[in-house]
2 protein chains.
Amino acid sequence: MLSANIEIRDYLANLIAEYNAGNGGHFTAGRLPSERELVEQFSSTRITVRDALTKLEAEGLIYRSNRRGWFVAPSRLVYDPSSRVNFYLLAAQQNKTPATQLISQRCIKGPAETREALGLVAKEKVIELVRLRSLNGRPVLFETIYLPEQRFPKLNKARLEGSLTVLMEEEYAVQICHEDNRIRVSAVYDQVAESLSLINGAPCLEVTRIRYEGDRKAFEFDKEYWVHSAIELSIPSK
Amino acid sequence: MLSANIEIRDYLANLIAEYNAGNGGHFTAGRLPSERELVEQFSSTRITVRDALTKLEAEGLIYRSNRRGWFVAPSRLVYDPSSRVNFYLLAAQQNKTPATQLISQRCIKGPAETREALGLVAKEKVIELVRLRSLNGRPVLFETIYLPEQRFPKLNKARLEGSLTVLMEEEYAVQICHEDNRIRVSAVYDQVAESLSLINGAPCLEVTRIRYEGDRKAFEFDKEYWVHSAIELSIPSK
DNA sequence: TCTAGTAGCTGGACTAGACCAAAAGGTAGA
DNA sequence: TCTACCTTTTGGTCTAGTCCAGCTACTAGA
């Protein structure tokens, strides 16, 4: 005996599989029926329908766009954190159209975790860049980048929506010697959730990165929050 | 104006932070108050209380044990997939007590994805091993391992609950030459969910691995489902 | 033709309950 | 002391609604 929410999930999962395989245009522009339509169709309640949708979201089969509806998730971006390919190139290689929006830029003291990672002392400040990155118009990554102000004076504002790696190489002669990535499942809230069109407390993939140059001097600290259905990590050995 | 579920989340998150810091024994044996107690305390409803708990679960601050209650999550196991440290050694290094339980063992044709990854043809079969791994008595990993039968005849049943890497080295002279890991957020269902004491559709970290030996011959295909709050991946560059 | 205002639709959050199955704990009998 | 049974508690699932805020599409006026 299947529970009602699983029955609805299975029904939708089937439609989605057919839709993705090109068999059957069950959805217009990838949009699922509204929650209330599904309630009617299955003689159920919104709680149960939303249970089913939340499960499909957790699986990465669908995603939500705030108060606009639920949509079939496109194929994932495959990303190897240990490679140094930048976002634009990566997206282009996988036939996706990338975009970056600079949300804010400040020069602050910065949180303790950041200061420690960057080895800052006394009154040294950090530049905080907050950016939102999209694939085919869908926001998928909310990132906060911290850079020691001393190492990157007079940052070129015109280039903050492009590849920072390239900027740092060209204008500051940065040579990465090492990089440490930490990856965990976490949840998004407030500005992050809103920017990614997710609800408060929705699961996400959180990447924390520290980059080192020269003789192991940290020059960059990043926090990335990925819409989990948008990404798959590829990690080869060695 | 905070919504009710966020208020409850914040309250519990504070208690958990203090508990983890050793300040205040708010919980006995790490167990949170029951949902109905929280309903009473906040003059709310179970739906709202469960919203708050589900958010904390998504963040990895708490975990559930089927119909027994909600518990404060212990520190995560830090795991580098590109290193070849086995589960027992890894756990021991981080002061955790590992355990492995063999759930089932079969010789089957195997699913298409598996056969393709292992490059099987015609009637070649695979050995399927299903195991549940725990840390300090808490199940954290459900794994299914597929091995080509031809490459591993007469598997030593006595050793299937230990490190397979070691077994394969010692008894079959396996020399890993390459390994490919794919990591995504996904959801667990049925046997996987039950074994990990999660509910159907709960988010998890899914790792798909292919191991190669000699001249790029695949000899192992794994599917791992991790309780997400139990793990953090560490991925160094190069 | 363009634009500003609006009505309707969508998902987000919540109330106030109900019933069930599994787990835990207590109790009586062997 | 041990075991089998039973009661209580727990989370899991669901009903049948309500109210709200943001988005969309339509419409009336400039």
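Naming: A, B, ... by sequence-line order, numbering from 1 per chain.
A:W226 pairs in a side-chain contact (heavy atoms from CB on, under 4.5 Å) with only one of the listed residues (A:I183, A:L77, A:V188, A:L233), which is A:L77. When the options A:R131, A:R133, A:R209 are evaluated for a salt bridge (Lys or Arg N to Asp or Glu O under 4.0 Å) with A:E224, the one that passes is A:R209.
Aromatic pair A:F27/A:F71: centroids not less than 6.0 angstrom apart. Taking the centre of each ring, A:F87 and A:Y79 stay at or above the 6.0 Å mark.
Summarising the geometry, the separation between CG on B:L56 and P on D:dG11 is reported as 14 Å, rounded to the nearest angstrom. Atom-to-atom, CD of A:E194 to P of C:dA13 comes out at 11 Å; the value is rounded to the nearest Å. If you take CG of B:L38 and P of C:dT15, they are 14 Å apart, rounded to a whole angstrom. The distance from atom CZ of A:R46 to atom P of C:dG11 is 7 Å, rounded to the nearest whole Å.
Between A:S44 and B:R50, the residue anchored nearer the 5' end of DNA chain D, judged by the nucleotide with its closest heavy atom, is B:R50.
Between the side chains of B:S75 and B:K96, at least one donor-acceptor pair of N or O atoms lies under 3.5 Å.
Here the CD1-CG distance, from B:I8 to B:L53, works out to 8.0 Å after rounding to the nearest 0.5 Å.
Taken residue by residue, residues 57-69 of chain A places heavy atoms nearer than 4.0 Å to DNA chain D at A:N66, A:R67, A:R68. Residues from residues 26-35 of chain A with heavy atoms under 4.0 angstrom of DNA chain D: there are none.
Nearest heavy-atom pair, B:G201 versus B:Y189, reported as atom, atom and distance to 0.1 Å: N-CE2, 3.5 Å.
Minimum atom distance to the side chain of B:A4 is reached by C:dC14, of the listed D:dC14, C:dC14, C:dG12.
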